[in-house]
Number of protein chains: 2
Amino acid sequence: MARLTNDRSSCPVSVLMNLLSGPWTMYIIWMLSTSGPTRFGALRRQVEGISTKMLTERLRMLEQEGIVYRHYEPTVPPQVTYSLTERAGELVTILDQLNGLAQRWYGDLPSCGSSQVQPEALEKATVLL
Amino acid sequence: MARLTNDRSSCPVSVLMNLLSGPWTMYIIWMLSTSGPTRFGALRRQVEGISTKMLTERLRMLEQEGIVYRHYEPTVPPQVTYSLTERAGELVTILDQLNGLAQRWYGDLPSCGSSQVQPEALEKATVLL
DNA sequence: CCGTATCCAGTGTGATACTG
DNA sequence: CAGTATCACACTGGATACGG
């Protein structure tokens, strides 16, 4: 649903990059990888400044791509918990390398996520599958 | 010059991602990594659909980040050749892994660049340094 | 609590025309 | 050839209000 004037949309890397490129996307993934399964409200508070619209949009997209899992609990009030899927693990691993590179290039003081993927976070996520 | 409502701008990964996220950016890097040093006009033809404005903008940015090297030859007419720097090599390596992942996820038929970094491309680039 | 629907402003992008 | 300058427009993303 963007510029399709060229064939970038048919290229795997571009597809993937377009996903990750979206605003807030990386941040959400980082938060989920460090915090583990998180409820919608909590996530919105963690990703400071994001609008509900964006958060929903991003989560839907990530869910559709099999990167995020959405667990709906029909209680009153309803509870929705988001977590990373197993698939996301592969991605986070690479993102982690990117993080390392970024730190070497730009200084390693203010990392916005642990440079080490928290194993527990992924385990918890996987359990929910 | 973008959304600074949160602290993403002070996070190395975010900084790096914001660079790569820009439209066409990945494509340009891929082209340069597979084709080696390329002149402005040729690059514009390879990255089909891009406007001169965008191409210039992106190249300037990548140059400033030390990812792309600009070689100006003051002939008549002038010749400008762009190539990847040594630094870009580290990046392309990771991008390559991302490419592999993308291919596994979305199918590996229409790769928009070789999944193997062309050593010659980087060598040639480095030479120009 | 977890969203969806609507409106609206800001800006990023492309097209076009022009210069060294 | 290799850009720069200008402009107009589409689209993204935020704010707000409302619904299950």
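Each chain gets a letter, A, B and so on, in the order the sequences are listed, and its residues count up from 1.
dA2(D) atom P lies 11 Å from atom CG of Leu59(B), rounded to whole Å. In this entry the distance linking CD of Glu73(A) with C1' of dC1(C) reads 13 Å, nearest Å. Summarising the geometry, the separation between CE on Met54(A) and C1' on dT4(C) is reported as 14 Å, rounded to the nearest angstrom. The distance from atom CD of Glu57(B) to atom P of dG12(C) is 9 Å, rounded to the nearest whole Å. One can place NZ of Lys53(A) at 15 Å from C1' of dC18(D), the figure rounded to the nearest angstrom. Here dG3(C) presents its P atom at 9 Å from CD of Glu63(A), a figure rounded to the nearest Å. In this structure, the CZ atom of Arg44(A) is 13 Å from the C1' atom of dT16(D), given to the nearest Å. Straight-line distance from the CE atom of Met61(A) to the P atom of dT12(D): 11 Å, rounded to whole Å.
For the pair Arg39(B) and dA2(D), the criterion of a side-chain N or O lying under 4.0 Å from OP1 or OP2 is met. One finds no side-chain N or O of Arg60(A) lying less than 4.0 angstrom from the OP1 or OP2 phosphate oxygen of dC2(C). The side chain of Tyr72(B) places no N or O atom within less than 4.0 Å of a non-bridging phosphate oxygen (OP1 or OP2) of dG20(C). For dG12(C), neither phosphate oxygen OP1 nor OP2 lies less than 4.0 angstrom from any side-chain nitrogen or oxygen of Trp24(B). Note on Tyr82(A): a side-chain N or O is less than 4.0 Å away from OP1 or OP2 of dG3(C).
Remark: Glu90(A) engages Arg104(B) in a salt bridge (charged side-chain N to carboxylate O under 4.0 Å, His left out) (not counting sequence neighbours).
Set against dT13(C), dT16(D), dA15(D), the side chain of Arg58(B) has dT13(C) as its closest nucleotide. Comparing dG14(C), dG3(D), dG3(C) by their nearest atom to the side chain of Phe40(A) picks out dG3(C).
Each of Ile50(A) and Thr52(B) was matched to the nucleotide of DNA chain D holding its nearest heavy atom; the match closer to the 5' end belongs to Thr52(B).
Closest approach of Gly66(A) and Thr85(A) over heavy atoms only: O-OG1, 2.5 Å.
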Review point. Would Tyr69(A) and Glu86(A) satisfy side chain to side chain donor-acceptor pair (under 3.5 Å), going step by step from the backbone distance to the final call?
Key: CA-CA 9 Å; Tyr69(A) 174 68; Glu86(A) 224 170 332; over 6 Å; no

Practice item. Starting from the C-alpha separation in whole Å, work towards a yes-or-no answer on side chain to side chain donor-acceptor pair (under 3.5 Å) for Glu48(A) and Tyr27(A). Key: CA-CA 10 Å; Glu48(A) 204 177 74; Tyr27(A) 233 63; over 6 Å; no

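Contact annotation for Arg70(B): backbone-only contact, meaning every heavy-atom pair under 4.0 Å involves sugar-phosphate atoms and none involves a base.
The backbone N or O of Met31(A) lies less than 3.5 Å from a partner atom in the side chain of Thr34(A), making a donor-acceptor pair.
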